[in-house]
2 protein chains.
Amino acid sequence: MKNVEFPDPTIERLCCYRRILSALLAAGHARVYSHELAAAQRVTPAQVRRDVMLIGYSGSPVKGYDIAGLLDRIGEILDPPGGVGVVLVGVGYLGRALLAYFAGRKSPIPVVAAFDVAPETSGQLIHGCHCYHIDELSSFLSRRSILVGIVAVPAEAAQKTARELIDGGVRALLNFAPVQLDVPQNVYVENVDIAVSLEKTAFFAQSMSLEKED
Amino acid sequence: MKNVEFPDPTIERLCCYRRILSALLAAGHARVYSHELAAAQRVTPAQVRRDVMLIGYSGSPVKGYDIAGLLDRIGEILDPPGGVGVVLVGVGYLGRALLAYFAGRKSPIPVVAAFDVAPETSGQLIHGCHCYHIDELSSFLSRRSILVGIVAVPAEAAQKTARELIDGGVRALLNFAPVQLDVPQNVYVENVDIAVSLEKTAFFAQSMSLEKED
DNA sequence: ACTATACTGTGATTGTCTTCACAGCGTGAA
DNA sequence: TTCACGCTGTGAAGACAATCACAGTATAGT
Ligand SMILES: NC(=O)c1ccc[n+]([C@@H]2O[C@H](COP(=O)([O-])OP(=O)(O)OC[C@H]3O[C@@H](n4cnc5c(N)ncnc54)[C@H](O)[C@@H]3O)[C@@H](O)[C@H]2O)c1
Ligand SMILES: NC(=O)c1ccc[n+]([C@@H]2O[C@H](COP(=O)([O-])OP(=O)(O)OC[C@H]3O[C@@H](n4cnc5c(N)ncnc54)[C@H](O)[C@@H]3O)[C@@H](O)[C@H]2O)c1
């Protein structure tokens with residue numbers, strides 16, 4: 001109920017902490033210090049402690065944080081009770097890569113169905129995910145409780161796709177199309193703009209090469 | 001030489017402005033107001049004006065900004081003189097999607113070559129991009145001036161790949177692997193972590209649905 | 001030529017996130 | 001039992017980015 005008050009950057013870091021903590025736990029460790037967790041990311045120990053404080057967990061001044069306990073607490077914050085359903089729209093190159101990724105490993109957030117206009121994808125099972133024609137989207141959404149939609153269609157179709165997902169009850173979108181989606185205020189949009197990321201990288205490549213060597 | 005002093009968020013927005021300005025120009029417009037440019041992104045008009053101010057461009061108080069002129073100025077900032085070379089390492093699902101994307105449309109930043117361990121990809125032309133065996137990477141880099149590397153290999157191979165790229169002279173990496181790369185200070189790393197993005201989206205889907213309707 | 005208008009340019013302000021710095025404390029050693 | 005150590009928890013300070021608010025100004029209309 002008070003989830004809304006976690007700052008966006010903290011949520012992002014919590015996801016990363018979880019990944020590292022899981023790896024540590026799997027490697028047989030039981031406890032971590034803030035500076036160890038900080039070193040694995042590119043953050044300061046103080047930042048880690050503040051994040052942990054924010055989610056209401058605490059460690060021992062001498063032994064650090066209990067990995068399993070912290071992991072549970074992060075899960076309580078991040079994981080919705082009952083899980084979120086996720087659907088993918090657009091089974092092109094990117095959509096297939098996403099299906100391979102989220103179906104391949106036992107993902108905490110599995111994609112339950114995919115949709116596309118192309119008739120030949122309908123009825124297929126791609127990387128373990130059932131694909132349907134886009135016309136079946138709204139009836140699918142009305143039958144299942146789906147909170148997240150992934151938009152991996154061409155830019156021209158993105159707004160229309162967003163509309164359909166939101167009308168079907170989706171509350172958040174992960175958008176890969178290079179357009180700003182127009183959505184109601186109660187819908188969250190996370191944009192992943194790979195072209196912008198590459199341009200930014202290219203820019204900094206240039207400025208790094210102008211700087212003094214270290 | 002003074003490029004290094006542009007804040008990261010501004011660079012990101014400049015990429016977005018450019019995309020919109022290009023579209024406007026193509027649509028036959030000659031000038032824009034800050035509020036129009038702002039509406040296309042999700043930023044305030046003041047933000048747009050400040051960004052424009054920062055890059056040393058100015059518009060007319062009545063007619064707004066000249067689209068072509070602003071576009072040129074942004075290009076001067078973002079585009080390296082002579083262009084940056086970009087190589088891709090890891091021609092799996094994601095790597096192929098990237099090649100399709102950056103080869104398909106006439107991208108401002110084309111990928112000049114791709115590398116993979118799998119012998120069957122060597123010598124292939126995928127979406128217009130030549131693919132080579134990873135063993136050829138260092139000799140390729142020594143022959144061409146390449147400033148940017150895209151890391152699309154499995155997490156386990158990411159650090160090794162980063163090392164090879166940096167040793168070959170690359171100054172910035174676009175990293176899709178879910179690991180924090182350890183690089184020298186004069187190398188820039190842009191992480192695109194799709195799994196984290198999805199988890200974040202799922203989290204906000206949950207908190208949005210708890211909020212009051214609008 | 002003059003005026004009304006609506007936009008730009010920017011100093012000042014606000015807000016947000018990060019970092020500092022240290023008090024408090026649990027633990028292990030003597 | 002006592003002490004010293006090194007980590008956590010956190011108020012305060014700092015850094016940075018976004019926004020406000022308004023003075024300055026170029027244009028179109030009269
Ligand atoms: N491939 C990449 O690496 C990459 C990188 C950055 C951004 N993107 C963006 O991601 C999106 C998808 O990219 P892609 O490379 O997979 O493109 P793609 O052309 O390979 O795939 C698009 C898919 O969407 C389907 N589609 C089209 N209109 C539809 C509609 N109205 N409803 C449902 N499905 C529809 C098509 O049939 C196709 O299968 C694009 O917006 C692209 O700009 C892709
Ligand atoms: N596919 C996605 O949607 C997605 C999403 C998020 C993150 N990622 C990350 O992106 C990376 C690639 O994902 P993918 O789905 O394309 O995986 P993939 O297994 O399909 O492709 C990996 C490719 O890398 C090649 N490779 C392995 N070791 C190599 C090495 N040492 N040098 C050069 N090439 C090597 C393999 O031959 C393979 O072609 C992974 O780190 C993955 O975690 C992928």
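Please read all numbers here as calculations on a predicted model, not as lab measurements. In what follows, chains are A, B, ... by sequence order, proteins preceding strands, each numbered from 1.
Only A:Pro61, A:Val62, listed by number, bring a heavy atom of residues 58-67 of chain A to less than 4.0 angstrom from any atom of DNA chain C. Listed by residue number, B:Tyr33, B:Ser34, B:His35 are the residues of residues 23-41 of chain B with a heavy-atom contact under 4.0 Å to DNA chain C.
The interatomic distance linking A:Glu5 (CD) with C:dC17 (C1') rounds to 16 Å, in whole Å. As rounded to whole Å, 15 Å separates atom P of D:dT10 from atom OH of A:Tyr57. Across the protein-nucleic acid pair, B:Phe6 atom CZ and D:dA17 atom C1' stand 16 Å apart, rounded to whole Å. Put simply, CZ on A:Arg73 is 18 Å from P on D:dT8, counting in whole angstrom units. Atom-to-atom, CG of B:Leu54 to P of D:dA18 comes out at 11 Å; the value is rounded to the nearest Å. Going from atom CZ of A:Arg13 over to atom C1' of C:dT16 covers 12 Å, rounded to whole Å. Rounded to whole Å, atom P of C:dT18 lies 16 Å from atom CZ of A:Arg42.
The two residues A:Ala113 and A:Phe140 come nearest to each other via the heavy atoms CB-CZ, 3.6 Å. When all heavy atoms are compared, the tightest approach of A:Val183 to B:Arg42 is N-NH2, 4.3 Å. Scanning both residues, A:Arg49 and A:Ser34, for their nearest heavy atoms gives NH1-OG, 3.3 Å.
For the side chain to side chain contact (heavy atoms under 4.5 Å, CB included) criterion with A:Val32, the lone passing option out of A:Ile67, A:Ile20, A:Asp66, A:Val48 is A:Ile67. Exactly one residue among A:Gln47, A:Arg50, A:Arg18 makes a side chain to side chain contact (heavy atoms under 4.5 Å, CB included) with A:Arg13. That residue is A:Gln47.
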Dump the pairs, protein N or O against N or O of nucleotides 20-23 of chain D, anything under 3.5 Å, distances to one decimal.
residue	atom	partner	partner atom	Å
D:dA21	N6	B:Arg49	NH2	3.2

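Remark: B:Lys200 engages A:Asp8 in a salt bridge, criterion side-chain N to carboxylate O under 4.0 Å.
One finds the SG atom of B:Cys16 at 11.5 Å from the CD1 atom of B:Ile11 (value rounded to the nearest 0.5 Å). If you take CD on A:Glu199 and CG on B:Leu14, they are separated by 10.0 Å, rounding to the nearest 0.5 Å.
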Yes or no on side-chain contact (heavy atoms from CB on, under 4.5 Å) for B:Asn175 and B:Asn191, after CA distance, side-chain angles and deciding distance?
CA-CA 5 Å; B:Asn175 176 42; B:Asn191 291 299; 2.9 Å; yes
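Atom NE2 of A:His29 is surrounded by 12 or fewer heavy atoms from other residues, nucleotides or ligands within 6.0 Å.
Taking for each of A:Val52 and B:Pro9 the nucleotide of DNA chain D with the nearest heavy atom, the 5'-most of the two is the partner of A:Val52.
In this model, the phosphate group of C:dC17 is not approached by any side-chain N or O of A:Gln47 to a distance below 4.0 Å at OP1 or OP2.
Using cut-offs of 30° and 60° on the angle between ring planes, the pair A:His127 and B:Tyr93 is perpendicular.
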